[in-house]
Chemist: 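Here it is, the structure in full.
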Amino acid sequence: MSETKIWVSLTAIENIPVREGRSVQVGGRKLAIFNLGNRFLAVENRCPHRGGPLADGIVSGSTVVCPLHAWKIDLVTGSVTNQAENLECVKTFPIRVQDGVVLVELSVGNSDTESSQPACFVSISHDSSFNHSVLGKA
Amino acid sequence: MKRLVVVGNGMAGVGCVEQILKHAAKFEITIFGEETHVNYNRILLSSVLAGEKAADDIVLNSLEWYRQNDIQLRLGVRISGIDVNAKTVTGDDGSVTPFDKLLLATGSNPLIPPMEGVKKEGVYVFRNLDDTRALLDRATKGVKAVVIGGGLLGLEAARGLQVQGCEVTVVHLMDTLMERQVDFAGGGYLKTKMECLGVKVLLERNTAAILGKEKVEGVAFKDGSSIGAEMVVIAAGIRPNADLARKAGLQVNRAVVVNDFMETSHPDVFAVGECVEHKGICYGLVAPLLEQGKVLAATITGNKGPRYEGSVSAAKLKIMGVDVFSAGDFSEKAPGTDVVRYEDAALGVYKKLTLRDGKLAGAILVGDTSDSHRYMDWLRTQTDLTAQRRQLLFPTPTEDAGLDVAEMPDNKVVCGCMGVTKGTLIEAIRQKGVNTLAQLKECTRASTGCGSCTEHCQQLLKAVVPEFREESEKILCKCIPFAEDKLRDIVRSQRFRSVQEVLDIYGNSHGCEVCKPALSYMMDMLWCGDHDEDRSARFINDRVHANIQKDGTFSVVPRMRGGVTSAKELRRIADVAEKYNVPMVKVTGSQRIDLLGVQKSDLPKIWADLGMPSGQAYTKGVRMVKTCVGTDFCRFGVQDSTRAGIELERRLEHLYTPHKVKMGAVGCPRNCAEATVKDIGLVGQDGTWQVVVGGAAGKKVRKADLLITVESMEEALQAATLFFQYYRENANYLERTYDFVERVTIEKVRRDTVYAPLGVQQGLRERLRKSKRLARDAWLEGDEPRHSTQFVQIEPLEKVYQ
């Protein structure tokens, strides 16, 4: 079960309009990439509530509101912010911009899928990675 | 009972009648108005022109008021002659009306300086509601407008036109703007402010002619120069309208001469307002008119005693961001005049006071008018200021806090326009059980003039009535803590054209899923496409014009007006369903066909293959008109409901609304298409149509209220569209018609729409027409997407293999 992390080029920055999200399928994962104007953020494109497409949500600051039932997800931590005592979380991915292209960091060679482990556990244990998940410029 | 005839239905005449009604003596009152409107607030016409207020917002006395007070109102009749011996007035409609007492309140006319070409098409004046409407009709984006006259009215007209998108130049005869109210230095500050707003100012230009063949093409000056123009507004001043009195043989100088009791040279004829001259002075502002009205009311009702001793003239420029106040005599020439002055060029603030004998004689404030109440008070009371000489321009901090209404003495005037004192307000609050601002306005008239005392009135209410609630009860959301009415005003008056801009300036700059779509709607309703439609502020359905489903796929509902389709259309729909493997095809409750489970990336292709317009089934907008077969085939049908429904849908489709609008049209009272539980319903009966509104058959069931019963289909359609636009403009976002109608009451809805003055109705129609002209079928975006990846699934540049 060896795990390697690699940076993957996704798309040109202009393909994601400011304050909107777009979904990208890569390496067996569905990601939602957001352009917050001064930075990009990436999370799994699946609301922990009923699986809604987060990429289609309205962005509010650095959170996104799921279009299905308005659960609000913090795009930096992956946590749900408007449901009391909800510990479920969305997996977040480090992201950076280089030469006008958005890159995201993925783990490969690992059979783990996000759904097989409690997502929140993942994001809390990887807390330090959030610092470098904020990179690049719009 | 004695007959009182009032010539003039404006603020002075009606204001005086209001005072007369307060006295015990009863008259049989007839009011003649040349305009076809009820009494409205003329000072706020500039706000109407600037789009800050709608025409119906400035109505002061509704038809109901005239009715309640048994006043005969004769609108659209010009009085052409007075026979003071026979005691009759003659109207241009041929009517002869006898009187016992006559009140002249004929106001004034625009002054047209001698120049050539004033009759050309595109030359306007700015004096009444009809003028304002005409200006609004012509004033569209990019039109070159020249305003002749750089006084109060000219500047307000210029700003209004500029807000409407015109390129505006103000041409002024003198070397400084508003020279009657502001001195040369202050005029310089004013000019800079106007130019900052984007209005060009040309001084010392004497207009010689308006150029062009039939239509205006430009303006030529006496110095030989000229400029291009597509419209010209003459705002060079006003002239008292005293011709009628002159012809009748009354004493007239520049205007109708009155004494301190407001009596003219004839014992049974009285005059008030802009048409009178008192001690050689004619007043053109609102406060003096009301002071005169009070005196006149006492005199005419047999309570002669109070005297009118002249007014302190004061003026306030009503342009947002350009604060100018002027009162009294600011000239420095009179012997013994002391001048106190302050200016800060960078801040754009200029203040000047003139003092004589230790008392305030005049004040000019440009850029900061927050102290205007204090100066007005000093002028009225002639307070001795010797002890406060050091604090005239800048009150000491404690005194500043003393602006608080609690510190004001009871006889201090709070509302300068209507002359209402603090004592009067408190008495009204205590004795009449007033606890909202609206009630306070209603019973004291305070805050119904320029509105600058609104805050003081609210403070008073708060202080006196503990249970007073701010009328702006419900804020939109905590990201932008204002009520929606207020936000509409802000967006309209400050011409905000993007959601983000409003959030940046008035909110927390983030916004959320509640306020962003609401603000988006507001922009669309006000500017309809003529704005930056920021898609990120809209719900996913409005980004891709389809309804998101629980699995992230979308549903597609093409428009079928009135629920009528054809074999050809059905064949195309069937082909599309097969070609794109649409998992479910369903007939909806709205007589439409729904294609469910469509991928986002297939939407543009499906729209193209369907070749039908968007049915807007995904949005807060015009959903549909459900119809029955009406007279075409049904043996019971008495009205052609199918045609009515299709026509209604055609007139309103593609527009957005505060919440979805579902409509129905039925051809007989059997109501097969359930029109009486729709937002708007047309119910055909033998010989008439009922128009019903505010019905519901969703979360709650509510029978629609009757708006009006009319004879023809066209009248029914007109009534329905009036209500539609009224709902669009006044409902809160996500407020269905049934909640809206319950909130404002059907009586008010009727009064404001189908029974509103003609002008108000025209305004609603005109704004709807404008929106409709700019609205387009959202599905046309299939061919011209707003963004390269709007419908496209992004493919990663690199592939990753697990």
Chemist: Between B:Phe554 and A:Asp56, which heavy-atom pair has the shortest distance, and what is it?
Modeler: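 Looking at all heavy atoms of both residues, the closest pair is CZ-OD2, 4.0 Å.
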Chemist: Provide the closest heavy-atom pair for B:Ile794 versus A:Arg22 in the form atom of the first, atom of the second, distance.
Modeler: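 In terms of heavy atoms, the two residues are closest at CD1-CB, 3.5 Å.
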Chemist: Consider only side-chain N and O atoms of A:Glu20 and B:Ser536, and report whether a donor and an acceptor are under 3.5 Å apart.
Modeler: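 Per modelled atom types, A:Glu20 and B:Ser536 side chains form no pair under 3.5 Å.
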Chemist: So what's closer than 4.5 Å to chain A heavy atoms on B:Gln549: side chain, backbone, both or neither?
Modeler: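 For B:Gln549, the backbone is the part near chain A, not the side chain.
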Chemist: Within the 4.5 Å heavy-atom criterion, are B:Gln793 and A:Ser23 side-chain neighbours or not?
Modeler: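 Answer yes - side chains close enough.
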Chemist: For chain B, find which of A:Pro53, A:Ser9, A:Ser60 contributes the most heavy-atom pairs closer than 4.5 angstrom.
Modeler: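 So the answer, after comparing A:Pro53, A:Ser9, A:Ser60, is A:Ser9.
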Chemist: Any chance NZ of B:Lys141 has more than 12 other-residue heavy atoms, nucleotides or ligands included, within less than 6.0 Å?
Modeler: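 Counting neighbours around NZ of B:Lys141, 12 or fewer heavy atoms of other residues, nucleotides or ligands fall under 6.0 Å, so no.
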Chemist: Mind checking whether B:Leu797 and A:Leu10 have side chains closer than 4.5 Å, heavy atoms only?
Modeler: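 No, side chains not in contact.
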Chemist: Is chain B contacted by the side chain of A:Leu31, its backbone, both, or neither, given a heavy-atom distance below 4.5 Å?
Modeler: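 Nothing of A:Leu31, per the 4.5 Å heavy-atom cut-off to chain B.
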Chemist: Side chain, backbone, both or neither: which part of A:Val8 has a heavy atom under 4.5 Å from chain B?
Modeler: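 Both backbone and side chain.
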Chemist: So, using salt bridge (charged side-chain N to carboxylate O under 4.0 Å, His left out) as the criterion, who are the partners of A:Arg50 when residues are at least two apart?
Modeler: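 For A:Arg50, no residue satisfies salt bridge (charged side-chain N to carboxylate O under 4.0 Å, His left out) once neighbours in sequence are set aside.
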Chemist: Closest approach of B:Cys512 and A:Lys72, non-hydrogen atoms and distance?
Modeler: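 So the two residues come closest at CB-NZ, 4.2 Å.
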Chemist: With no hydrogens and no angle check, is any side-chain donor or acceptor of B:Thr789 less than 3.5 Å from a backbone partner on A:Asn15?
Modeler: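 Yes; judged by distance alone, with no hydrogens or angles, the pair exists.
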Chemist: Is B:Lys799 close to chain A through its backbone or its side chain, or both, or neither, when contacts mean heavy atoms under 4.5 Å?
Modeler: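 Neither; nothing under 4.5 Å.
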Chemist: Where on A:Val101 is there a heavy atom nearer than 4.5 Å to chain B: the side chain, the backbone, both, or neither?
Modeler: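 Interface part for A:Val101: side chain.
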Chemist: Side chain, backbone, both or neither: which part of B:Arg535 has a non-hydrogen atom closer than 4.5 Å to chain A?
Modeler: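 Both parts, backbone and side chain.
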Chemist: Rounded at 0.5 Å granularity, tell me how far CZ in B:Arg538 sits from CD1 in A:Ile58.
Modeler: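 B:Arg538 CZ to A:Ile58 CD1: 10.0 Å, rounded to 0.5 Å.
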Chemist: Please check if the side chain of B:His510 supplies one atom and the backbone of A:Val59 the other of a donor-acceptor pair under 3.5 Å.
Modeler: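 It does not hold such a pair.
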Chemist: Which of residues 513-528 of chain B get closer than 4.5 angstrom to chain A, counting heavy atoms alone?
Modeler: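 Checking residues 513-528 of chain B against chain A gives B:Glu513, B:Lys516, B:Pro517.
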Chemist: Salt bridge check, B:Asp534 against A:Arg19: does any charged N sit closer than 4.0 Å to a carboxylate O?
Modeler: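 Judged by the 4.0 Å cut-off on N to carboxylate O distance, A:Arg19 and B:Asp534 do form a salt bridge.
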